[in-house]
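Data block below; observations after.
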Amino acid sequence: MARHSNPQDQSVRLLKVGERVRHILSELLARGEAHDDTLRASNISVTEVRMSPDLRNAKVYVKPLLGEDEDVIVKALRTNTAFFQREVAQRLGLKFAPKLQFRADESFEEASRIEQLLDDPKVRRDLDDDEADEES
C-alpha cells in the first residue's frame, strides 16, 4: 500500500524531528559531553533547529548565555560538528544523520531593534493616533 502524505504532515514531521534534534543537542551541551573546553565552560542555548524537507540538513541556531563570546562559541561548535552529528544520529535512529550547520541566533537582536523602533516618539504618536481612531 503506497503511503501518501500531505504538506501538513510533512511540516509536522519536520518540526518534530527538529525539536528532537534541539533536545539532544541541548542535553549534550548541558552535560558537557563535547570534548572542548570552550563549550564546557559556556552555557549555550539551542534556540531552534530547522530541518530541510529531506531531513538531511539541519540549521541549528544557538545563543550563549548573555550573548558573550558568540563568535568563539559558534566556531567551537562548528569544529565539533562531527561529534554532534554522530551523537544525534545514534539517538535519533534515522536512516541518514542530518548535517548540522551551527549559526548564531540573531532573533533576539532583531526583536530589540524592532522594540526600539516602536518606542520612537514619532512611531508612538502614530500608534496612539491609530488607537484613538479605532475608539471613535
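The structure displayed is predicted, hence computed values, not measured ones.
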Check your understanding: Should Lys63 and Glu70 count as an ion pair when the cut-off is N to O under 4.0 Å?
Key -> yes

Check your understanding: With the threshold set at 4.0 Å, does a side-chain nitrogen-carboxylate oxygen contact exist between Glu19 and Lys16?
Key -> no

Exercise for review: Please test Leu92 against Arg20 for side-chain contact (heavy atoms from CB on, under 4.5 Å), starting from the C-alpha separation and ending with a verdict.
Suggested key: CA-CA 8 Å; Leu92 268 184; Arg20 182 78 175 111; 3.2 Å; yes

**Study point:** Any Leu55 side-chain heavy atom under 4.5 Å of Pro98 side chain
**Key:**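 The answer is no, as the side chains (C-beta and beyond) never meet within the 4.5 Å cut-off.
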
Check your understanding: Taking side chain as C-beta onward, heavy atoms only, is Asp105 less than 4.5 Å from Val62?
Key -> no

Enter the distance from [X]:[atom1] to [Y]:[atom2] here, rounded to the nearest 0.5 Å.
{"X": "Glu87", "Y": "Leu25", "atom1": "CD", "atom2": "CG", "result": "10.0 Å"}
{"X": "Thr38", "Y": "Asp69", "atom1": "OG1", "atom2": "CG", "result": "8.5 Å"}
{"X": "Leu65", "Y": "Ile44", "atom1": "CG", "atom2": "CD1", "result": "10.0 Å"}
{"X": "Leu15", "Y": "Glu48", "atom1": "CG", "atom2": "CD", "result": "9.0 Å"}

**Study point:** side-chain contact (heavy atoms from CB on, under 4.5 Å) involving Asp54 - partner list, sequence neighbours excluded
**Key:** Ser52, Arg56

Tell me the closest heavy-atom pair linking [X] and [Y], and the distance in Å.
{"X": "Met51", "Y": "Val17", "answer": "CE-CG1, 3.9 Å"}
{"X": "Ala58", "Y": "Val49", "answer": "CB-CG1, 3.9 Å"}
{"X": "Gln101", "Y": "Asn57", "answer": "NE2-OD1, 4.4 Å"}
{"X": "Val46", "Y": "Ser26", "answer": "CB-OG, 3.6 Å"}

Review point. Side chain of Arg50, backbone of Lys59: donor and acceptor closer than 3.5 Å?
Key: no

Check your understanding: Can you list every side chain to side chain donor-acceptor pair (under 3.5 Å) pair that touches residues 71-85, not counting sequence neighbours?
Key -> Asp36-Asn80

Point to revise | Tyr61 and Phe102 aromatic centres sub-6.0 Å | key: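 No: the rings miss the under 6.0 Å criterion.
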
Check your understanding: How far apart are the C-alpha atoms of Phe83 and Val88, what are their side-chain angles, what is the distance that settles it, and do they pass the side-chain contact (heavy atoms from CB on, under 4.5 Å) test?
Key -> CA-CA 9 Å; Phe83 165 76; Val88 167; over 6 Å; no

Exercise for review: Output all residues satisfying salt bridge (Lys or Arg N to Asp or Glu O under 4.0 Å) with Glu33, sequence neighbours left out; order by chain, then residue number.
Suggested key: Arg31, Arg91

